[in-house]
Amino acid sequence: MTESTARTPAAAISEGEGNGHRASRRAGSYTAESIQVLEGLDAVRRRPSMYIGSTDGRGLHHLVWEVVDNSIDEAMAGHASRIQVELLFDGSVTNQDDGRGVPVGRHKTGKDALEVVHTVLHAGGKFGGGGYKVSGGLHGVGVSVVNALSETLHVESTRDGRVWSQDYERGKPVTPVRQIGRSEGRTGTRTHFMPDTQIFETIDFSFETISQRLRESAYLNKGLAITLVDRRVTPEREKSFYFEGGLVSFVRHLNASKETLHPRPVYAERRDGQTTIEVALQYNDTYTENVFSFANNINTVDGGTHLTGFRAALTTSLNEYARRGGILKESDANLSADDVREGLTAVISVKLVDPQFEGQTKAKLGNAEVRGQVQAAVAEGIGQYLDENPGDGRRIIEKCLTAARAREAARKARDLVIRKGALEGMSLPGKLADCQERDPERSEVFIVEGDSAGGSAKQGRDRRYQAILPMFGKMLNVEKARLDKILSSEKIRPLIIALGTGIGDTFDISKLRYHKVILLADADVDGAHIRTLLMTFFYRHMPEIIANGHLYIAQPPLYRVSTGKVTRYAKDEKERDRAVAELKVRNLTIQRFKGLGEMNAEQLWETTMNPATRTLLRAEIDDAAEADRMFSTLMGEKVGPRKDFIKAEARKVRNLDI
């Protein structure tokens, strides 16, 4: 993310002062003729972010999700078993399924049904009337939005022994619906679209991003075969996903880099009325909870009634089993919800006719009846598994009891951190050079590797709004530590106090003292390791800081190229070579910084800290399941998955800094 200067609301107001006459004239011209009616899909093109979230890479990929989701709806309805997605060399995408094909024929609007589906918002088979009982996507909005935001779109519908097609340009039909061939026994829909460069900042699709999403979809729909082909490269890349085990396979994938407490996941499946519930769970030896919930294949990142029902059943079932087996005595306190969730990996998937989501983003499921349905299904599944596998049951309960003891130790350590701050008059860590600004929105803190770099940063900063917290040496790998050990760490405790949010049960994002938390480490392997340790800490224990867009990574230069009069900085070899070529002088001085400490205060400010010239990368989580797997692989106890990762990725290394 490259920072840029934006006008503040105050500046906008002051520019309007003293312009009363012009304002009156503007108000006077506001008549009936001023009211615009955007026909058809013009509203989508005028305000694309309202429909796909953004026009950057994330919004671009949303086009693929909408088209693929239509095919997955066919699979959920029992009419499709195969989907193929192709990324083509010109930047376009093709999606093909073997479903029923989009209906064709005259619609009551006077247009062909195929055209209505692709050109009218809120037109589709997801609003009752027998089209789809269970569906995801944008409920009849999706494919028309893709059409509106595509330079060209070509659709083929194969049904009733014939192949029908229509072409569109920026959402408008340029051909009639016409028959282009016959098909014996084959059905399905094929959609080929080219994203509009007038709308999107980039049309470069990520093979990995799409493959992760398709893998997830295949897990959630057992028996569905999904293939992704990248025709932009030579040789072509292809990945196929098919999981007969469904959610069980998903949980095994999530736990692949962890030591599990029981060999096979607990699985529960139940149909309650028109609602289908599927749950798979497995405990591992880590200290974090890793639970994903879905409703009609939509990742409900904020949970909802299905997650509430799952958690209630888990806590009740394990307490009942522990007491029935004598593991918990009559005088012992019940295991808490936190105790039974340590080291838990689980996936909850519900498919229902009329999902009620809270908000436009569909991040939280609100159907009240689903809580009881999920709770009953999970209680039955867990109870049966524990009765049939008493050894696994004892290991799970012992893990929960250890978590309970550690939770009490963490509470005491956390109270000590809070009490220490109170005894010192809420004083901040001694190494922290705080800023003068008290408004968190205007404040930023640099977490700087090393005391020498911290000294340069303190001298070079703008003390009005920039705070500096130096950290020396390698910090604790929190992936391998419980909260009580983390809170006793002399390197992490000052960071927690400086940020002001608390941690664990007491975490409160509204108390964050700086709305930009910037990691500043050397541009080498050691610096990357320290950044990774810090990012692991934030991901595992303060994920809200990442989710709210407050965590950034500074980009210090690796090279300084100078003619004596002109100086350029470069973050890597490619930029260095470009700077050398642009300066066009063979008598150049090229300095390679071994660390931040080699830069004086002025250089550090100019290259890395000045908002007018610096580049910051904002940390974001696009795929929580993949992020969890990556952190577990790179930072966890298991060596094997880490070695496999290094071997697989080693061929991509171009410039190794040792």
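Hydrogens, waters and symmetry mates are skipped; everything else that's a heavy atom, side chains included, is used.
The main-chain N or O of His550 is never found under 3.5 Å from a side-chain atom of Asn548 such that the two would form a donor-acceptor pair. Put simply, the side chain of Ser349 never gets that close to the backbone of Phe294: no donor and acceptor are under 3.5 Å apart. With hydrogens and angles disregarded, a donor-acceptor distance shorter than 3.5 Å links the side chain of Asp112 to the backbone of Leu114. When atom types are taken as modelled, the side chain of Ser293 and the backbone of Thr300 share a donor-acceptor pair closer than 3.5 angstrom. In this structure, the side chain of Arg232 engages the main chain of Phe205 through a donor-acceptor pair within 3.5 Å. No donor-acceptor pair under 3.5 Å is formed between the side chain of Asn147 and the backbone N or O of Thr119. Between the side chain of His154 and the main chain of Asp167, no donor-acceptor pair closer than 3.5 Å is present. Counting only distance, with no hydrogens or angles, the side chain of Arg45 and the backbone of Ala148 share a donor-acceptor pair below 3.5 Å. Between the side chain of Thr187 and the main chain of Gly99, a donor-acceptor pair closer than 3.5 Å is present.
Expressed to the nearest 0.5 Å, how far CD of Gln555 lies from OG1 of Thr615 amounts to 7.0 Å. Once rounded to the nearest 0.5 Å, the distance linking CD of Glu156 with CZ of Arg190 reads 5.0 Å. The line from CZ of Arg159 to CH2 of Trp164 is 10.5 Å long, rounded to the nearest 0.5 Å. Between Tyr219 atom OH and His253 atom NE2 the span is 4.5 Å, to the nearest 0.5 Å. Note that the CZ atom of Arg58 and the OG atom of Ser49 stand 11.5 Å from one another [nearest 0.5 Å].
Two residues are said to be in side-chain contact when any heavy atoms from C-beta on lie closer than 4.5 Å; Thr189 and Asp97 meet this criterion. Counting heavy atoms from C-beta outward, Tyr51 and His62 have side chains that stay 4.5 Å or more apart. Counting heavy atoms from C-beta outward, Phe292 and Leu254 have side chains that approach closer than 4.5 Å. Considering only heavy atoms from C-beta on, Leu228 comes within 4.5 Å of Leu87 through its side chain. With a 4.5 Å cut-off on side-chain heavy atoms, Glu66 and Val145 do not count as touching. Side-chain atoms of Asn297 and Lys351, non-hydrogen and from C-beta on, do get closer than 4.5 Å to each other. Annotation: side chain of Tyr168 is in contact with side chain of Val155 (closest heavy-atom distance under 4.5 Å). Two residues are said to be in side-chain contact when any heavy atoms from C-beta on lie closer than 4.5 Å; Val93 and Leu63 fail this criterion.
Taking every heavy atom of both residues into account, Thr175 and Gln166 meet most closely at O-NE2, 2.9 Å. Between Pro195 and Phe200, the shortest heavy-atom distance links the atoms CB-CD1, 4.1 Å. Of all the heavy atoms in Asp90 and Met194, the pair that sits closest is O-CE, 3.1 Å.
Between the side chains of Asn255 and Thr260, no donor-acceptor pair of N or O atoms lies under 3.5 Å. Side chains of His61 and Ser206: no donor on one and acceptor on the other come within 3.5 Å. Using modelled atom types and a 3.5 Å distance limit, the side chains of Asp354 and Gln356 yield a donor-acceptor pair.
We find that Lys172 and Asp42 are joined by a salt bridge, their nearest charged nitrogen and carboxylate oxygen being less than 4.0 Å apart. Checked for salt-bridge contact, Arg578 and Asp572 miss the test: no charged N lies under 4.0 Å from a carboxylate O.
In the displayed structure, Glu169 atom CD is contacted under 6.0 Å by at most 12 heavy atoms of other residues, nucleotides or ligands. Residue-environment remark: NZ (Lys239) exceeds the threshold of 12 foreign heavy atoms within 6.0 Å. With a 6.0 Å radius and a threshold of 12 heavy atoms from other residues, nucleotides or ligands, Arg82 has its CZ atom at or below the threshold.
The residue from Val266, Leu314, Ile348 that alone fulfils the side chain to side chain contact (heavy atoms under 4.5 Å, CB included) condition with Val279 is Ile348. Each of Leu214, Thr227, Val67 was compared with Val85 under the side chain to side chain contact (heavy atoms under 4.5 Å, CB included) criterion, and only Leu214 meets it.
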Q. Do Lys364 and Asp302 pass the salt bridge (Lys or Arg N to Asp or Glu O under 4.0 Å) test, and can you show the C-alpha distance, the side-chain angles, and the key distance before you say yes or no?
A. CA-CA 5 Å; Lys364 190 173 185 179; Asp302 292 335; over 6 Å; no

